[in-house]
Asker: 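Quick one: this structure, given as structure tokens, is what I'll be asking you about.
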Amino acid sequence: MGALFVDKKYQGCSIGSKLIRYVDSIYNGLTLSVYKDNSRAVNFYKNIGFDIVEEKINEDTDCIEYYMKK
């Protein structure tokens with residue numbers, strides 16, 4: 001997945017998890033990268049079944065990110 005953004009006023013309304021469930025029904029083996037410091041996003045992805053498979057430095061930002069797979 002390239003990116004998933006839900007407007008703040010709609011966060012917590014299951015929109016993100018519904019979108020991922022839909023995409024997951026079409027594709028096998030979803031993967032994504034998320035910044036380690038973005039704990040809210042990391043926890044969201046963990047809660048919907050993603051696992052951290054690698055920790056690496058993002059080349060563009062020099063920030064640590066997790067590579068996650070479902």
Asker: Which value, rounded to the nearest 0.5 Å, describes the distance between Ile48 atom CD1 and Met68 atom CE?
Answerer: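 Result: 8.5 Å between the selected atoms.
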
Asker: For the CD1 atom of Ile57 and the NZ atom of Lys36, what is their distance to the nearest 0.5 Å?
Answerer: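 Rounded to the nearest 0.5 Å, the CD1-NZ separation comes out at 9.0 Å.
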
Asker: Per the ring pair (Phe, Tyr, Trp, His ring centres under 6.0 Å) rule, what does the pair list look like for residues 6-31, sequence neighbours excluded?
Answerer: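 Every pair satisfying ring pair (Phe, Tyr, Trp, His ring centres under 6.0 Å) with a residue in residues 6-31: there are none.
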
Asker: Checking Tyr66 now: which residues fulfil ring pair (Phe, Tyr, Trp, His ring centres under 6.0 Å) with it, not counting sequence neighbours?
Answerer: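 By the ring pair (Phe, Tyr, Trp, His ring centres under 6.0 Å) rule, Tyr66 matches no residue at all.
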
Asker: So how far is it from Asp60 CG to Glu65 CD, rounded to the nearest 0.5 Å?
Answerer: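 One gets 9.0 Å once the value is rounded to the nearest 0.5 Å.
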
Asker: Give a yes or no on whether Lys46 atom NZ has more than 12 heavy-atom contacts from other residues, nucleotides or ligands under 6.0 Å away.
Answerer: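 Open: at most 12 neighbouring heavy atoms sit under 6.0 Å from NZ of Lys46.
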
Asker: For Tyr35, which fellow cluster members are found when Ile, Leu, Val, Met, Phe, Trp and Tyr are connected by side-chain heavy-atom distances below 4.5 angstrom, either directly or through intermediates?
Answerer: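 In the cluster with Tyr35 there is nothing else; it is isolated.
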
Asker: Tyr67 versus Ile52: any side-chain heavy-atom pair under 4.5 Å?
Answerer: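 Tyr67 vs Ile52: side chains apart.
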
Asker: Check for me, please, whether Ile15 and Phe50 land in the same ILVMFWY cluster - side-chain distances under 4.5 Å, paths through other members count.
Answerer: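 Yes; Phe50 is reachable from Ile15 via cluster members.
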
Asker: Apply side-chain contact (heavy atoms from CB on, under 4.5 Å) to the pair Leu30 and Tyr45, showing each step before the final yes or no.
Answerer: CA-CA 11 Å; Leu30 299 179; Tyr45 291 123; over 6 Å; no

Asker: Going through the distances and angles, do Phe44 and Leu4 end up as a side-chain contact (heavy atoms from CB on, under 4.5 Å)?
Answerer: CA-CA 11 Å; Phe44 167 75; Leu4 175 66; 4.0 Å; yes

Asker: Start with the C-alpha distance between Gln11 and Val6, add both sets of side-chain angles, then the distance that settles side-chain contact (heavy atoms from CB on, under 4.5 Å), and finish with yes or no.
Answerer: CA-CA 6 Å; Gln11 291 178 2; Val6 175; 4.1 Å; yes

Asker: How long is the span from the CD1 atom in Ile20 to the OG atom in Ser25, to the nearest 0.5 Å?
Answerer: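 Reported value, rounded in 0.5 Å steps: 12.0 Å.
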
Asker: Measure the OG-CG distance between Ser14 and Leu19 for me, rounded to the nearest 0.5 Å.
Answerer: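 Rounded to the nearest 0.5 Å, the OG-CG separation comes out at 10.5 Å.
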
Asker: Is there a side-chain contact between Thr61 and Asn58, using heavy atoms and a 4.5 Å cut-off?
Answerer: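 They are in side-chain contact.
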
Asker: Check whether more than 12 heavy atoms from other residues, nucleotides or ligands sit under 6.0 Å from atom CG of Asn28, and answer yes or no.
Answerer: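 Counting other residues, nucleotides and ligands, CG of Asn28 stays at 12 neighbours or fewer.
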
Asker: CD/Glu55 to OG/Ser33 distance, rounded to the nearest 0.5 angstrom?
Answerer: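 Going from CD on Glu55 over to OG on Ser33, the span is 12.0 Å.
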
Asker: If you compare all heavy atoms of Ala41 against all heavy atoms of Val34, which two are closest, and at what distance to 0.1 Å?
Answerer: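 Heavy atoms of Ala41 and Val34 come nearest at CB-CG2, 3.7 Å.
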
Asker: Compare every heavy atom of Lys70 with every heavy atom of Asp24, then report the nearest pair and how far apart it is.
Answerer: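 Scanning both residues, the minimum pair turns out to be OD2-NZ, 3.1 Å.
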
